[in-house]
Amino acid sequence: MVTTTHSRALTRCKGLALLTMASLAVLAVLTPVSGPSAQVFAGADDPTPGTVTDDLAAAKALAARIDKLIAARWQKDGIEPSKLADDYSWLRRARIDANGRIPEVNEAISFAADRDPAKRERAVMEMVGNREWADHWSWVYTAAFVGRMGGRDQEQGKGYLPLFLHEFIEARLTRGDGYDAIVQEMLGSKGWLDESSAVSFYLRWRDPVNAVGAASRLFLGTQIQCAQCHDHPYLDWTQKQFFEMAAFFVRLRTVNKKLDKPVEPSPGMDGGGMTGGGMGGSSDGGMMGSGMEGQMLDNIRKRLRTKRRQGVVQRTGAEIRIPQSGDEATSMVVTGGAAMFRPDVVDPRFITGALLSRKLDADRRQEFARFVVTDGMHLFSRAAVNRIWKQMFGRGIVEPVDDLESEATHPELLKLLADEFAAHGCDIRHIQRAIMLTRAYALSSEPNEVNANDQEIYARAYLRPLAPEVLFRSIIEATGSDEQPAAGKGRKGRNRRAKRVNPRQLLQLLGRMVYTFEDDEMAEALDYEASIPQALMFLNGDLIHDGAKMGVMGLLQRDLSAKASDDERISHLFLRVLSRPPHRQELTMVRKLLRSAGQSDEARQVIYEDVYWALLNSSEFFFNH
Amino acid sequence: MTDHVSCDCSDHGGADGASLGTSRRDFMRMAMAGSMGLFAAGGLDMALAWGGEGTRSNAPKGKAKNLIVLWMAGGPSQQDTWDPKPNHKNGGPVKVIPTTLDGVFLPEYMPNLAKAAGQLAIIRSMSSKEGNHDRARYLLHTGYAPGGAVKHPSLGSMISKELGDPESPIPNYVGVVGASHGSGFLGVRHAPLIVQKPSQPLDDLNPPEGVSARRYKRRLDLAKAFSGQFGKSRGDAEEVKERTLINERAVRLMQSPLVKAFDISQEKERRRQAYGDTKFGQGCLLAARLVETGVRCVEVTLGGWDTHTDNFNRVKTNCETFDPVFATLMKDLEQRGLLDSTLILWSGEFGRTPRINGNEGRDHFPKAYSCVLAGGPVRTGQVIGATAPDGMTVAERPVSVPDLMATIQERMGIDYEKVYMTPNGRPLQLSDKGKPIKELVS
């Protein structure tokens, strides 16, 4: 395999993508939920408590097998891995990957001080599976599945599709559903958006061709859409196969119905159609305890039931045929009672060869969804673990992340993870825990003499720019701008914390980090890489400037006693922003500045503010390292 | 370039324009322009002296310094814009009007460009294999199909690198409205600055209120010191260096008086009105101002071309948006003496199916479509190539995307056969084996 390089570079941008504008405000409100402090790492927040020890043992066993395969490659290439990262670096990396934010300051301090040799295991068990994890990973998947902007479709989407999808995935992850169950439910979904959040996936991709392309790419790691117009130039895909796959989606129809009068939701379907989970937006007062996302979705639902209702229905009897000249995209769908008897109509046949009979009443998408997690499990599991791996290491075992035809850097590892994943009920937590417990994950990002150029054997931790929402949550965490000033150390509940977050700033941040291409598909270009508009925002905008001000107020009035020494304050400040104490040189540099400011409190406060600002603008802060 | 010096290309009837490359005249013109700083007049004189063909008023005038790309995102329909088919059912309901060029017709909703056709070179025989937005956009921006580990730089980034002033406080490549393709392995120094709202000046150009210049400098110095230590400990990682560099460039931009070019509200009312108040018009005014200021490549996006449904109304609306603006842009640049040194490319990622689909729409069609070049440095007032009567195939003179790239590069005095070394040590030619369209360059 693997001679192909078809369609690589861009799928990567697509896989990333950001939040919808509408969702930004919501995210801002719900984002900074404080984790428990380091002393209570015990999986207490795990929504499905139970066999914590079994889970840990299984994860440790898998971690050891992963490490063996990774180390074998180091040996083969004759590359010495970097030293292990210290506790501060490891904790920061783990919090970012599991929970989408930097650690709390007190957590960083107590974790480093903790003498328990099993503290990392405890931390992993607490972080992976808690509520922040469900929120963060739901955004990871939402961004991958529909994009953060959710496509342009002005009449239908209005940018809130990702909010619905996030609600759906978060509820399922919180309930402890396997990834297979979540994807199967989503791919088989139908009904009104206000009753069934999962249909947001189809409202994003809309037509059969887009839907089969997205589903194959995301869940089977297969770029089948390339075969739409012609047989694949390098791979075995034929145009016929593309249409056989598309035949599963030909009866997909999205509707946007103008209402004459408001409609009532169907009984038991008032909360996002989560009939099984009871995690609907309005039923439990909203996600993350803030009530805001639930409230916002309630409002959107109300609007959908009053003016225009959107949803996914069956287009009964529709069939698909291969366009003869390759130029009449819409004429590929044929309808009418006799459609199924036409000789040029293509049978729905799954990628593995499994054939579905051409029955008029079959819900072919549900059949497709079932095939994905049964016949297609070898592809489904590979695509799933590769995405997790990339999220946690910064590169996939296969790149681009959703093209399994590309060469794997560690084929055996991919197989191991995929098999484990399938054997453990497609539990993404299992894979994540195992990864976080490996030695490879624990390596420093500081290269040694021989591994600075390594880009694929994990001999060092790679630098990864923070995703926009992670960056935003981390700025909030670092500056404490979500906390009640002078309210003491007690947490007064998430609502009160959340209210201090300024959604406008998140909007602005996303606006500078996500650009959309102006075609009807509204693909998203993600510029995680530095750009001038971004730089200007961080250098001159109020997000960082006000944050630094607020942070210093907290530092002086709340976090440390009036008697604290300069060194203690400097150290605390570094811990807050960079999640580590200052190096000696850094300490000296700041001390010197403070001395030059003299004794006036005001002048000293200005220095602290500037140091705070500079730390927030330092490269170290912008990377997961 | 030197490969072609000995090539005599006075023969315009050559079957394969691709093999001809740069003519002796071009070479001489380049030498002239380079050594004497002459562009417009020098180029024309030389053309007269050497070939006699320069008697045509539309002959290329020297080399371009600037490129303005009018990016029609979504894939504009060729048969409802530059290649109408009024006598074929594939042509749809579009009515045509004559242009200032004999036998060349354009849709009735493009009256301004019909009048200015003498300033255009319409290429009706573009052909590619990429019918997917992402892939085609990549191809049209870089000249390469996406694939492999190489992140190709966009043409704008190449221009920034080859022609841009490395010390310029404003970026040499600016994208207006929507995303543009980035700089690939050429790094952030040559990445486009994206301006999302052309009607507004850049955001956050001033230090936060209450922060004195002295304090601001202290902040920057501190941030640099912290970043420096981090970068050093990470083996001088490229990512860290780029972030530091972008901060420095942002600060230089803030401090430069040139930055006011981004603020079109400072423009005279009359000139603003000439461009109109559409976002695209404002974007083109911004492009003209930036080119005047020394920006080498500006891309202005007009979206809404992905007309799978309701093609005819949507295309008409879009044409009514760009037709007057495009004409104004040429006139404006001409009045400022910039048209001779500015190349304008009008293109989308592909064309649209000649056959009309069931939703009064047209679908993606890369096989035979149109794009347009304008500006002094190309021979304008002509149509290159042709499609079959039904529009389904290129009937004459196929032009590939790499050919288009090579044409632009050649017209800008960039050696299109130059080889870059990619970060993983692979040689990469600026143009993917493309050859300039000889009818345009001589």
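Just so we're on the same page: letters track the sequence lines, and every chain starts at 1.
Heavy-atom distances place both the backbone and the side chain of A:L615 under 4.5 Å from chain B. At a 4.5 Å heavy-atom cutoff, the contact between B:E209 and chain A is made by backbone atoms alone. When heavy atoms are compared at a cutoff of 4.5 Å, A:F622 approaches chain B solely by way of its side chain, counted from C-beta outward. In this structure, chain A has a heavy atom under 4.5 Å from the backbone of B:N206, while its side chain stays farther away. Heavy atoms closer than 4.5 Å to chain A are found nowhere in B:L245, neither backbone nor side chain.
Annotation: maximal heavy-atom pairing with chain A below 4.5 Å, among B:R249, B:R218, B:R215, occurs at B:R215. Looking only at heavy-atom pairs under 4.5 Å with chain A, the residue among B:A237, B:A223, B:G361, B:G231 that has the most is B:A223. Put simply, of A:H583, A:E586, A:Q455, the one with the most heavy-atom pairs under 4.5 Å next to chain B is A:E586. Options A:S618, A:A452, A:S82 differ in how many heavy-atom pairs under 4.5 Å they form with chain B, and the most are formed by A:S618.
Separation of the B:F226 and A:F574 ring centroids falls under the 6.0 Å cut-off.
In this structure, B:S227 contributes its side chain and A:S619 its backbone to a donor-acceptor pair below 3.5 Å.
In this structure the side chain of B:L193 never reaches within 4.5 angstrom of the side chain of A:S531, judged on heavy atoms. For the pair B:Y216/A:D610, no side-chain contact is recorded, criterion being any heavy-atom separation below 4.5 Å from C-beta on.
Between A:A535 and B:A250, the closest heavy-atom pair is CB-CB, 3.8 Å. Of all heavy-atom pairs between B:L253 and A:L536, the closest is CD2-CD1, 4.3 Å. Scanning both residues, A:L463 and B:V240, for their nearest heavy atoms gives CD1-CG2, 3.6 Å. Closest of all the heavy-atom pairs between A:I532 and B:P171 is CD1-CG, 3.7 Å. Between B:R219 and A:A614, the shortest heavy-atom distance links the atoms O-CB, 3.7 Å.
A distance of 14.5 Å separates CG in B:L202 from CE in A:M537, rounded to the nearest 0.5 Å. Taken to the nearest 0.5 Å, the CE atom of B:M254 stands 7.0 Å off from the CG atom of A:L539. Atoms CZ and CD, from A:R464 and B:E239 in turn, are 12.0 Å apart once rounded to the nearest 0.5 Å. Rounded to the nearest 0.5 angstrom, A:F623 CZ and B:R234 CZ are separated by 10.5 Å. Here the CG atom belonging to B:D204 is positioned 12.0 Å from the NE2 atom belonging to A:H545, to the nearest 0.5 angstrom. Separation of atoms CD (A:Q585) and CD (B:Q229) is listed at 4.5 Å; rounding is to 0.5 Å.
More than 12 heavy atoms of other residues, nucleotides or ligands sit less than 6.0 Å from atom CG of A:D86. Within a 6.0 Å sphere centred on NZ of B:K241, other residues, nucleotides and ligands contribute more than 12 heavy atoms. The number of heavy-atom neighbours closer than 6.0 Å to CD of B:E360, taken from other residues, nucleotides and ligands shown, is 12 or below.
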